2 protein chains.
Amino acid sequence: MDDLGQAGGTEPEDTRVRAARIQDVARLADVSTATVSRALATPERVSPEARARVLEAIAKTGYVPNPAARSLRSQKTFMVLVVLPDLSNTFFSKILRGIEETLFEAGYGMIISDLDGSPEKEAHFAAFTAAGRVDGAILLNGHLFGQTREGEGQPARISIPLVALCEAIPGADIPQIEIDNRAAASRMTQHLASLGHRRIAYVSGPANNILERERFSGFKDGLEAAGQPFDPTLVLPGDYTIESGVAAGQALVARATRPTAVFCTSDEMAIGLMRTLFSAGLRVPQDMSVAGFDDIEFAAVAEPALTTIHQPRRELGQAAASALIALLQGRPSPKRIRLETDLVIRDSVASLERSSRA
Amino acid sequence: MDDLGQAGGTEPEDTRVRAARIQDVARLADVSTATVSRALATPERVSPEARARVLEAIAKTGYVPNPAARSLRSQKTFMVLVVLPDLSNTFFSKILRGIEETLFEAGYGMIISDLDGSPEKEAHFAAFTAAGRVDGAILLNGHLFGQTREGEGQPARISIPLVALCEAIPGADIPQIEIDNRAAASRMTQHLASLGHRRIAYVSGPANNILERERFSGFKDGLEAAGQPFDPTLVLPGDYTIESGVAAGQALVARATRPTAVFCTSDEMAIGLMRTLFSAGLRVPQDMSVAGFDDIEFAAVAEPALTTIHQPRRELGQAAASALIALLQGRPSPKRIRLETDLVIRDSVASLERSSRA
DNA sequence: CGACCCCATGTAATCGATTACATGCAACTT
DNA sequence: AAGTTGCATGTAATCGATTACATGGGGTCG
């Protein structure tokens, strides 16, 4: 309990001052605390003179309302929880930015929870929301809280407004903001097929992941639309990370007959996979075409520049935040928002000239 | 004010229940609220029987202490603000993860503020901390709050524990967690020089940025150590982004006499710059060597794989969070922590065989 | 000119947990 | 046996802002 030893102690006088309270402002402005509160919340209900005195007193004292007190009384925190599976994944950063921007404009703060695949953390944050520590949450992880241990002495569930972003949550009756993963994957597959590719490999996302299921369906849709049979041996497991792309590349390189094109369901995997191909002496797209998904910043500057599906990440974040804010303010929110994707054609996919007629 | 229209309304009964309060628990366990509080905060000060009854009641009601009330009374929020200049920058994501992990283990939540170069946002978050909404803050943006408009009716400044991460804050008497940017830049420069490079270009970070100043000093140190003169025409402006790397590449390509090596002070710029070189038909490292800084995930899988300075990003985040937690708990914290960097040699830098003897 | 209304403002209850202080009881000391 | 100590527990003040309700004064209407 030794208080000393803290960094910051060279200044002679203790600058750590007690924050000004509403009472201090009230006294200085010679009004009651109620008037101060009203001057801030409902200025039109306070006389101009009183308002002016209050504002002056606020400026003089540097008063900022104590959020804990305000929150205790009004049962609002002006905080939103953002739940995501992996904070260090590049894909999320721009989405987060979109969320943060929009929340900020509406006066909300953002608390981030990186689940990191840990059920304990999930339980913790479930309790966190239940404790009323946030007004709402944006879920990027594809499922609701507490779906784990059901039954038992389940206490009264506190439900706060939720919004699902990117990974739709099947059973949940909450706004879902997403792209049409299935259609996008189908489109990319057909693009590859249209360039003559007959042996198209698919590097998947994590099993049971909703995005993966959608994209995989889209992949099969695309093959079907192109009149091509689905070959399970051309499906390689992945989990959207660079490393899994590298591993998938190694698996492909080791094969006797290789696909002519690979559709990776994330750019990170595509970039990792290309790396492995280069190391093995293969060229992209001459020896193998590679397509990605997401259009992260590095897709455009990869070598070769990556053909991929563009996701409006910032807009996705903004849309999710807007939907949540609508709910928080008691306004209706659309149940499902689907933002448009684009097929971005760059240099990693080539037309298959010869031997395209198998 | 129409309440209807909200998503979530198919269930017949309203599941939104009032959360259990400490009084509910107290009544159920047949003790006072003080005992409930003590059973949680200081279990050893409560009889085993009472404690058991309290815990049972808590389990039954699903009680979670109201953080607003707790915070109001105890003047603690168990929240930490993380201030960063650009959330969508890849470099920060792993740092954030390190921070989040460590904070989480200590029971702290993380609020993120992406300043985005906006003074308004900065002012907002300054007020935010002043309002006691967080117990401490980790600053990744290289300066303290409120250094903008000084003077004026500066209200009593509330100071909370702060920690500077990555970008040291010159005057501030707070723990600084960083790497030795100057030494690292010098090392890379000497590495390039040792491979025979005599014309080494430097792509800078934003002007006035402390990192930039350090790295630039290191660059000059390195040249001096290698016995090379500093040539201002070989300094190209950048701001750590991919785009600025692309721009720097264009500037280089346009030159009559080009450098044989380029030291980019971020991997993102290096990757962007390489992209431009390829587009211009130049090869890396045969025609020009390129070095980066940071060792982000994509550095290892870039083509060619990027020679760079490795920063222990996760550890940096963890160290900053640990230092802050120490301060928050009244323990001393070292004023300055410098984590080790590594020179990671990959394929983007080559030895200059011929013409190295200028 | 009296009744009524509205507006600006003040008073005080309230949100829910923490904790200083008070109390009562049991065990121990001399 | 009286006094002391210490533990478990309860009572109630407290944190700071919001807001329902009360109040008083000025204006309007009949």
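For clarity, every value in this text was computed on a predicted model and none was experimentally measured.
Panel note: side chain B/Gln176, backbone B/Ile169; a donor-acceptor pair is recorded below 3.5 Å. In this structure, the side chain of A/Ser93 does not engage the main chain of B/Leu87 through any donor-acceptor pair within 3.5 Å.
In this structure, the side chain to side chain contact (heavy atoms under 4.5 Å, CB included) partners of A/Ile337, at least two apart in sequence or on a different chain, are A/Ile177, A/Pro334, A/Leu339. For A/Ser322, the side chain to side chain contact (heavy atoms under 4.5 Å, CB included) test picks out A/Thr102, with sequence neighbours left out. For B/Glu178, the salt bridge (Lys or Arg N to Asp or Glu O under 4.0 Å) criterion is met by B/Arg336, B/Arg338, not counting sequence neighbours.
To the nearest angstrom, P of C/dG16 lies 16 Å from CZ of A/Arg133. Atom-to-atom, CD of A/Gln23 to P of D/dT14 comes out at 12 Å; the value is rounded to the nearest Å. Computed from coordinates, the B/Arg21 CZ to C/dT18 P distance equals 14 Å when rounded to whole Å. Remark: C1' of C/dC15 and CZ of B/Arg70 are 16 Å apart, rounded to the nearest angstrom. Going from atom CG of B/Leu40 over to atom C1' of D/dT9 covers 16 Å, rounded to whole Å. Rounded to whole Å, atom C1' of D/dA13 lies 13 Å from atom CG of B/Leu72. The interatomic distance linking A/Asn66 (CG) with C/dG16 (P) rounds to 16 Å, in whole Å.
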Which protein N or O atoms sit under 3.5 Å from an N or O of nucleotides 5-10 of chain C?
{"residue": "C/dT9", "atom": "OP1", "partner": "A/Ser47", "partner atom": "OG", "Å": "2.8"}
{"residue": "C/dT9", "atom": "OP2", "partner": "A/Ser47", "partner atom": "N", "Å": "2.9"}
{"residue": "C/dT9", "atom": "OP2", "partner": "A/Ser47", "partner atom": "OG", "Å": "3.2"}
{"residue": "C/dG10", "atom": "OP2", "partner": "A/Ser32", "partner atom": "N", "Å": "2.8"}
{"residue": "C/dG10", "atom": "OP2", "partner": "A/Ser32", "partner atom": "OG", "Å": "2.9"}
{"residue": "C/dG10", "atom": "OP2", "partner": "A/Thr35", "partner atom": "OG1", "Å": "2.6"}
{"residue": "C/dG10", "atom": "N7", "partner": "A/Arg38", "partner atom": "NH2", "Å": "2.8"}
{"residue": "C/dG10", "atom": "O6", "partner": "A/Arg38", "partner atom": "NH1", "Å": "3.3"}

Give me, pair by pair, the N or O atoms of the protein and of nucleotides 24-26 of chain C that are less than 3.5 Å apart, along with how far apart they are.
none

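Within the structure, the ring-ring contact (aromatic ring centres under 6.0 Å, His included) test picks out the following pairs touching residues 99-121 of chain B (sequence neighbours left out): A/His124-B/Phe104, A/Phe125-B/Phe104, B/Phe78-B/Tyr108. Annotation: salt bridge (charged side-chain N to carboxylate O under 4.0 Å, His left out) contacts involving residues 19-28 of chain A, sequence neighbours excluded, comprise A/Arg21-A/Asp24, A/Asp24-A/Arg27. Among residue pairs with one or both ends in residues 28-38 of chain B, those qualifying as side-chain hydrogen bond (donor to acceptor under 3.5 Å, both in side chains) are B/Ser32-B/Thr35; sequence neighbours excluded. The salt bridge (charged side-chain N to carboxylate O under 4.0 Å, His left out) analysis of residues 41-59 of chain A, with sequence neighbours excluded, yields the pairs A/Glu56-A/Lys60. A salt bridge (charged side-chain N to carboxylate O under 4.0 Å, His left out) check over residues 104-114 of chain B, counting only residues at least two apart or in different chains, returns the pairs A/Arg97-B/Asp114.
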Secondary structure of DNA chain D per the Watson-Crick/G-U criterion (both distances under 3.5 Å; [ ] crossing, | other strand, . unpaired) is ||||||||||||||||||||||||||||||
Let me check something: any side-chain donor-acceptor pairs from residues 65-72 of chain A under 3.5 Å, sequence neighbours excluded? List them with distances.
{"residue": "A/Asn66", "atom": "OD1", "partner": "A/Ala68", "partner atom": "N", "Å": "2.7"}
{"residue": "A/Asn66", "atom": "OD1", "partner": "A/Ala69", "partner atom": "N", "Å": "3.1"}
{"residue": "A/Ser71", "atom": "OG", "partner": "A/Lys76", "partner atom": "O", "Å": "3.0"}

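Contact annotation: A/Tyr63 side-chain N/O to D/dG16 OP1/OP2 distance is not under 4.0 Å. Contact between the side-chain N/O atoms of A/Gln75 and the OP1/OP2 oxygens of C/dT14 is not found at any separation under 4.0 Å.
If you check distances only, the side chain of A/Arg73 does reach the base of C/dT14 with a donor-acceptor pair under 3.5 Å.
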